[in-house]
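Below: the structure, in structure tokens.
The structure presented is a predicted model; accordingly, all values stated were derived computationally and were not measured. Reminder, nothing fancy here: chain letters follow the sequence lines and each chain counts from 1.
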Protein chains: 2
Amino acid sequence: MNKKRTTIKDIANVLNISPAAVSKALHDDSRISLKTKAAVKRVAKELNYQPNHLASALRRGKSNLVGVVVPKTNSNFFSSVVEQMEAVLNKAGYNIIITQSNESFEKECKNIDTLLYTQVDGIIASMANETVDLSYYEKIKANGIPLILFDRGENDLNVDYVGIDDYNSSHVIVEHLISKGCKRIAHIGGYRRTRIFNNRIKGYIDAISKNNLPIDDSLIIESSLTLEDGRKEMAHLLQLENRPDAVYVASDYAALGALQVLNENNIKVPEEIRLIGFGNEPFTSLVTPSISSIDQHSKDIGRIAAETFLKRVEEPKLKQSLNKIILNAELIIRDSSK
Amino acid sequence: MNKKRTTIKDIANVLNISPAAVSKALHDDSRISLKTKAAVKRVAKELNYQPNHLASALRRGKSNLVGVVVPKTNSNFFSSVVEQMEAVLNKAGYNIIITQSNESFEKECKNIDTLLYTQVDGIIASMANETVDLSYYEKIKANGIPLILFDRGENDLNVDYVGIDDYNSSHVIVEHLISKGCKRIAHIGGYRRTRIFNNRIKGYIDAISKNNLPIDDSLIIESSLTLEDGRKEMAHLLQLENRPDAVYVASDYAALGALQVLNENNIKVPEEIRLIGFGNEPFTSLVTPSISSIDQHSKDIGRIAAETFLKRVEEPKLKQSLNKIILNAELIIRDSSK
DNA sequence: TACTTTTGCTTAAACGTTTAAGCAAATATA
DNA sequence: TATATTTGCTTAAACGTTTAAGCAAAAGTA
């Protein structure tokens, strides 16, 4: 029963060489003979040597851990983003620590503290809806480690950002609806204080104007975009004396709520009201009728965010600066807008 | 510009005391005067001292990190389990590292290696569907750190396990369907090699027998329980000359697939065929008709798994042994079986 | 007063690894 | 053959923290 785990010293003792030589042999240092390397690796395997990550991280001042902050892992978008990130970072020798804020600012701050405390080499984050105070993110920057934002970001932080073109997505949606003959297009959006939702609203307004339709403020709604919000706001829209003939909802969850209310009121979708969501969650293709939605290229976002991080660690001299990488989103047309 | 982060030494220098005293002051050691403690904490705040977790973990031989292995974060069950775990463990001073296997055995092994390498103090895991070879889990045990399994576990490992009573859940479902007058109840289940799915199948068979209904092998199907599997197997059941009047599907995703096929074939649910799923995923209440399902008490499972881990670290002398904690699952009755 | 105990610190080693510096032997170069 | 270079290691310090052991001063006790 070897209570203690085997260390580099143990291997050194067996072979009567110094721990330094063992360390170098394990790292394939050119100054160690092939013979010694082979012997070290053989003994390491025999003694079931497992390197102590804490010790090496401490010595090297680098943990090879990347912290990830997301609002919720429980959404297809984020889990897919994270999956890609992990693939890219693992390949480069990094492991990731996933934390979720549950859309709570307080939890988000705690998570950031945890990650910094765990000595991560960088943080890749998407902000909670609640987040307006950026001091915790400044803390990351002050720490000197790279910070990469995706999806829900902030220009003011002057860091790398990866996301889709929300403004343009709204244009694509509005123009698709107009091409189907819609004249009164409502928008159930998020709160303007969140950059991405603000961009969707602006895109919506500009696209409506561009196509010479009137802007009707009663058709523009801000909410938290939960399923319940979708139900509530759709019910509200149905009570207007001049109903919309299309609704563009800035989240699939809220779009689903809206669809439920439409179904319950026996309003035919798409014939009477066309509906479009945002995010391309799997359930959009599963419900009846299936919901048209915007695909956010989650895999690309995950991959690019990870690659951006790697670029930053490779070139630490490069000062952090606003560096936006914007992908074109894709409208997936389904039954709800056909 | 202080390039370097402040350490305990820096604080010691400012106050002209030893680093040891600073460390003790920060940990509220009783042998340090209140005056010194106050001074240390003041200076620590002034210099924005952040403890180096790697150093303390190395010295103490304890990382205060718990590894979590799940098949997919992208499911309501697992994300909810993890959320509760995190809450309990954070309170006890632990942080968690979430890894997902994507139902791949190979990825699961990699994840376990990563976690061991990161020097976690314990691992809480739910196995991938593929996993039959348990050698990697033996590796965790050999490492001497606690291993807790939940939902998808294995008796052979002789470790703590938290899950629901799958066998009994099948009884509850079958009896509910019989009470609605069903006589030919089909079961689209998982593969028997996975313990929980085997239990569901056994529960189904025993419940059918107990209620003096015939066992019809053509009504018992094993599959991977994806949405596609649900579609395929439901289509298959519809082609039987003697159709079932109820289908109990061992996963909500497969149940959804089944429902789609029923809807497409204009078969009235629940009038012609009643349908019940498993897992109580949020979408079960969102689709039309809403799907009856089993709630797995994800919050309780997460909480209890975390508490079990904490018990293990508190009493390391206690030998690991098979310790099953089984919760009663709850049938949520919705339109698909009313 | 003379002792024991308590208080409040210090010293020094340790955790396991990496790495700069150094040195002897082997090999290459002139 | 004498000198320079390369090879293959060793030594020792360092990363930042914790902690056992120890010690002087202060406080308590007889």
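In this structure, CZ in B:R303 is found 12.5 Å from CG in B:L89, a value given to the nearest 0.5 Å. Here the straight-line distance linking atom OG1 of B:T114 with atom NE2 of A:H53 works out to 10.0 Å at 0.5 Å rounding.
At whole-Å resolution of the value, CG in B:L58 and C1' in D:dA14 are 12 Å apart. Here C:dT7 presents its C1' atom at 15 Å from CD1 of B:I17, a figure rounded to the nearest Å.
Residues of residues 28-42 of chain B having a heavy atom closer than 4.0 Å to DNA chain D: none are found.
Using a 3.5 Å distance cut-off with no hydrogens or angles, the side chains of A:S104 and A:E130 do not pair a donor with an acceptor.
For the helix from C:dT1-D:dA30 to C:dA30-D:dT1, the axis fitted to the five pairs at one end and the axis fitted to the five pairs at the other end meet at an angle of 40° (nearest 10 degrees).
Contacts of A:L54 with the nucleic acid, taken as non-hydrogen atoms under 4.0 Å apart, are absent.
With a 6.0 Å radius and a threshold of 12 heavy atoms from other residues, nucleotides or ligands, B:K62 has its NZ atom above the threshold. When the shell of 6.0 Å around NZ of B:K324 is examined, it contains more than 12 heavy atoms from other residues, nucleotides or ligands. For A:K299, the NZ atom is loosely surrounded, since the number of other residues' heavy atoms within 6.0 Å does not exceed 12.
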Contacts under 3.5 Å, N or O only, protein and nucleotides 17-19 of chain C:
residue, atom, partner, partner atom, Å
C:dT17, OP1, A:Y49, OH, 2.5
C:dT17, OP1, A:N52, N, 3.3
C:dT17, OP2, A:I8, N, 2.6
C:dT18, OP1, A:H27, NE2, 3.1
C:dT18, OP2, A:S23, OG, 2.7
C:dT18, O2, A:R59, NH1, 2.2
C:dT19, O4', A:R59, NH2, 3.4

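A salt bridge links B:R42 with B:E46: the closest approach of a Lys/Arg side-chain nitrogen to an acidic carboxylate oxygen falls below 4.0 angstrom. Salt-bridge formation is not detected for the pair B:E307/B:R312: no Lys NZ or Arg NE/NH1/NH2 atom is positioned less than 4.0 Å from an Asp or Glu carboxylate oxygen.
A cation-pi contact, defined as under 6.0 Å to the ring centre and within 45° of the axis, is absent between B:R5 and B:Y49.
Checked options B:T308, B:D160, B:N158; the residue passing with B:N323 is B:D160 (criterion: side chain to side chain donor-acceptor pair (under 3.5 Å)).
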